[in-house]
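The basis for the numbers below is simple: all heavy atoms, side chains too, and nothing from hydrogens, waters or symmetry mates. Everything numeric in this text was worked out from a predicted model, so none of it was measured.
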Amino acid sequence: MTFFKAMGGQAATPAPPPVFDKPWRTVDWRGKQRALEKVNKYKPYTEDQHLRILLHGPVGAGKSSFINSVQSVVRSNMNVKALADHSSGSCFTKEFTTYNVEREGGDAVHPFVFNDIMGLSANKGVLVEDVKLALKGHVKDGYKFNPESKLSEGDGFYNSAPSANDRVHILVCVIPADTLSSINDSIIKEIREIRLEASRMGIPQVAVLTKVDMACPEVGRDLKNVYLSKRIKKMMEQFSADSGIPMNCIFPVKNYHEEIDLSDDMDALILSVLNHIIVYGNDFINMKLRNSRS
Ligand SMILES: Nc1nc2c(ncn2[C@@H]2O[C@H](COP(=O)(O)OP(=O)(O)O)[C@@H](O)[C@H]2O)c(=O)[nH]1
Ligand SMILES: [Mg+2]
């Protein structure tokens with residue numbers, strides 16, 4: 001690496017290194033089993049309750065890949081039901097679908113579910129109004145989002161009496177690190193709008209910054225560099241400022257996309273965000289439960 005360049009006989013200032021001396025957030029890279037146990041032990045307070053996690057974000061951000069990754073990590077087995085779209089740019093996820101996560105062994109499911117909403121995009125994504133309906137639990141499984149008009153109350157897919165299981169307990173914004181800087185302003189505006197609506201309902205929110213392997217060469221080389229990379233930290237700070245999501249609720253991950261075997265480093269980051277999602281989402285479930293009893 002050339003740190004010094006001769007310029008008119010004078011040495012130029014050395015380029016600052018792309019990494020910090022110490023990681024700015026700690027990750028237990030060897031704590032996979034502990035993190036997995038935490039996920040496995042999770043049980044909502046009431047028996048038939050489950051925690052509904054709604055993912056939203058631009059098309060191609062890695063929402064489907066994130067669900068796939070969670071399913072793989074939690075089962076300790078690569079998930080072959082590939083939901084991810086390989087030709088990014090189009091809206092692959094068109095129907096509102098609830099995804100279960102199987103327990104290891106495959107004979108039972110975890111008490112948390114995902115919904116992967118069709119990507120936001122400047123002109124043909126899901127309407128913000130529909131996302132708001134989904135947050136409240138008004139959108140039934142199988143509904144095909146229509147970018148031109150919102151789901152109306154008379155529609156067969158409109159759930160007029162959502163149960164505690166139908167409503168969303170945590171909103172997860174998924175954004176791609178590699179193309180973050182070129183995300184359209186109108187998409188950022190939509191993300192803010194959805195976030196504000198969720199805040200009004202008291203729904204907690206986190207953001208997942210995907211594709212960190214593609215956004216920084218140091219991270220691409222070794223995922224353990226994720227909290228050493230100045231570039232990734234800067235991206236997270238910028239997104240935090242733009243979206244209003246605090247830094248401590250933003251988590252970088254690398255999703256499974258081309259790997260054929262599980263990797264402990266990838267799992268550590270995926271399980272870290274999943275455990276935070278479960279804790280925040282469960283707090284909201286309990287808050288709702290207290291309110292309904294008082
Ligand atoms: N390198 C890399 N590629 C990813 C990652 N996450 C997703 N991808 C790829 O990005 C593309 C879009 O992902 P997808 O999950 O379909 O995005 P969605 O539209 O938000 O559901 C796919 O080709 C994935 O394989 C990641 O963390 N790193
Ligand atoms: Mg998708």
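In summary, K144 and E95 engage in a salt bridge, as defined by a charged side-chain N under 4.0 Å from a carboxylate O. Between K224 and D265, at least one side-chain nitrogen of the basic residue sits less than 4.0 Å from a carboxylate oxygen of the acidic one, meeting the salt-bridge criterion. We find that E259 and K254 are joined by a salt bridge, their nearest charged nitrogen and carboxylate oxygen being less than 4.0 Å apart. Taking a cutoff of 4.0 Å between a charged side-chain nitrogen and a carboxylate oxygen, K132 and E129 qualify as a salt bridge. The pair R34-E37 does not count as a salt bridge, with every side-chain nitrogen at least 4.0 angstrom from each carboxylate oxygen.
E218 contributes no side-chain N or O that, together with a main-chain N or O of R231, makes up a donor-acceptor pair within less than 3.5 Å. Between the side chain of N275 and the backbone N or O of A35, at least one donor-acceptor pair lies under 3.5 Å. H169 contributes a side-chain N or O that, together with a main-chain N or O of A164, makes up a donor-acceptor pair within less than 3.5 Å. Looking at K63, its side chain does come within 3.5 Å of a backbone N or O of G57 through a donor-acceptor pair. Between the side chain of S229 and the backbone N or O of V226, no donor-acceptor pair lies under 3.5 Å. T179 places no side-chain N or O within donor-acceptor distance of the main-chain N or O of S182, the cut-off being under 3.5 Å. Although no hydrogens or angles enter the test, the distance criterion places no donor-acceptor pair under 3.5 Å between the side chain of R195 and the main chain of Q205. A donor-acceptor pair under 3.5 Å links the side-chain atoms of R192 to the main chain of D242, judged by distance alone. At least one donor-acceptor pair under 3.5 Å links the side chain of S243 to the backbone N or O of F239.
Partner of Y227 under the side-chain hydrogen bond (donor to acceptor under 3.5 Å, both in side chains) criterion, chosen from K233, K22, R25: R25. With respect to L54, the side chain to side chain contact (heavy atoms under 4.5 Å, CB included) criterion is satisfied by exactly one of V113, D116, V131, I194: V131. Among the candidates N159, D166, N165, the single residue satisfying the side-chain hydrogen bond (donor to acceptor under 3.5 Å, both in side chains) test with S163 is D166.
Closest heavy-atom contact between V174 and G62: CG1-C, 4.0 Å. Of all heavy-atom pairs spanning I191 and C173, the tightest one is CG2-SG, 3.8 Å. Taking every heavy atom of both residues into account, I170 and V168 meet most closely at O-CG1, 3.3 Å. Scanning both residues, L135 and L171, for their nearest heavy atoms gives CD2-CD1, 3.9 Å. The two residues S69 and I270 make their nearest non-hydrogen contact at CB-CD1, 3.7 Å. The two atoms that bring G202 and F284 nearest to each other are O-CD1, 3.2 Å, heavy atoms only.
Residues V212 and V27 are members of one and the same hydrophobic cluster, defined by side-chain heavy-atom contacts under 4.5 angstrom among Ile, Leu, Val, Met, Phe, Trp and Tyr. Hydrophobic clustering (side-chain heavy atoms under 4.5 Å, transitive across Ile, Leu, Val, Met, Phe, Trp, Tyr) groups Y99 together with V39. Note on V279: it does not cluster hydrophobically with L289, by side-chain heavy-atom contacts below 4.5 Å among ILVMFWY residues. Cluster annotation: M214 is not connected to F66 through the hydrophobic network of ILVMFWY side chains, with a link wherever side-chain heavy atoms come within less than 4.5 Å. Side-chain heavy atoms closer than 4.5 Å link hydrophobic residues (I, L, V, M, F, W, Y) into clusters, and following such links, even through other members, never connects I285 to V109.
Looking at N68 and S65, their side chains never bring a donor and an acceptor atom within 3.5 Å of each other. Remark: the D267 side chain and the Y256 side chain contain an N/O donor-acceptor pair separated by less than 3.5 Å. No side-chain N or O of T210 forms a donor-acceptor pair with one of N255 less than 3.5 Å apart.
Taking a 6.0 Å sphere around NZ of K140, one finds it holds more than 12 heavy atoms contributed by other residues, nucleotides or ligands.
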- Task: Determine, stepwise, if the pair F112 / I277 fulfils side chain to side chain contact (heavy atoms under 4.5 Å, CB included).
- Result: CA-CA 10 Å; F112 53 84; I277 287 174; over 6 Å; no
- Query: Can D222 and N225 be said to form a side chain to side chain contact (heavy atoms under 4.5 Å, CB included), step by step?
  - Reply: CA-CA 6 Å; D222 184 354; N225 288 336; 3.8 Å; yes
- Are S149 and N146 close enough, and set up right, to give a side chain to side chain donor-acceptor pair (under 3.5 Å), and what steps lead you there? CA-CA 6 Å; S149 67; N146 177 354; 3.3 Å; yes
- Task: Evaluate the criterion side chain to side chain contact (heavy atoms under 4.5 Å, CB included) for residue pair L271 and K32; output intermediate values, then yes/no.
- Result: CA-CA 8 Å; L271 286 169; K32 178 177 166 181; 3.9 Å; yes
- Query: Taking it one step at a time, do D130 and Y143 satisfy side chain to side chain contact (heavy atoms under 4.5 Å, CB included)?
  - Reply: CA-CA 11 Å; D130 277 343; Y143 175 64; 4.1 Å; yes
- Task: Start with the C-alpha gap between Y42 and H110, add the side-chain angles, then the distance that decides, and say whether ring pair (Phe, Tyr, Trp, His ring centres under 6.0 Å) holds.
- Result: CA-CA 8 Å; Y42 170 64; H110 284 273; 8.9 Å; no
- Going through the checks in order, is the salt bridge (charged side-chain N to carboxylate O under 4.0 Å, His left out) test met by R200 and E197? CA-CA 5 Å; R200 273 194 281 272; E197 189 63 28; 3.0 Å; yes
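Here the side chains of R75 and E102 are in contact, with some heavy-atom distance below 4.5 Å. Between S152 and Y158 the shortest side-chain heavy-atom distance does not fall below 4.5 Å. When side chains are defined from C-beta on, I183 counts as touching P176, because their heavy atoms get closer than 4.5 Å. Taking 4.5 Å as the limit, some side-chain heavy atom of R52 sits within range of a side-chain heavy atom of T98. In this structure the side chain of K230 never reaches within 4.5 angstrom of the side chain of P18, judged on heavy atoms. Residues D178 and L180 have side chains not in contact (no heavy-atom distance under 4.5 Å, counting atoms from C-beta outward). Between N77 and S72, the closest side-chain pair of non-hydrogen atoms is not below 4.5 Å. N100 places none of its side-chain heavy atoms less than 4.5 Å from the side chain of F114.
How far CD1 of I188 is from CD1 of I175: 7.0 Å, rounded to the nearest 0.5 Å. Atom CG of D48 sits about 9.0 Å away from atom NE2 of H50, to the nearest 0.5 Å. Put simply, CG on L51 and CG on D283 are 10.0 Å apart, with the number rounded to the nearest 0.5 Å. Of the inter-residue distances, the one linking N282 atom CG with M287 atom CE reads 12.0 Å to the nearest 0.5 angstrom. Interatomic distance, H56 NE2 to N115 CG, rounded to the nearest 0.5 Å: 13.0 Å. Remark: K43 NZ to Q49 CD distance equals 14.0 Å, nearest 0.5 Å.
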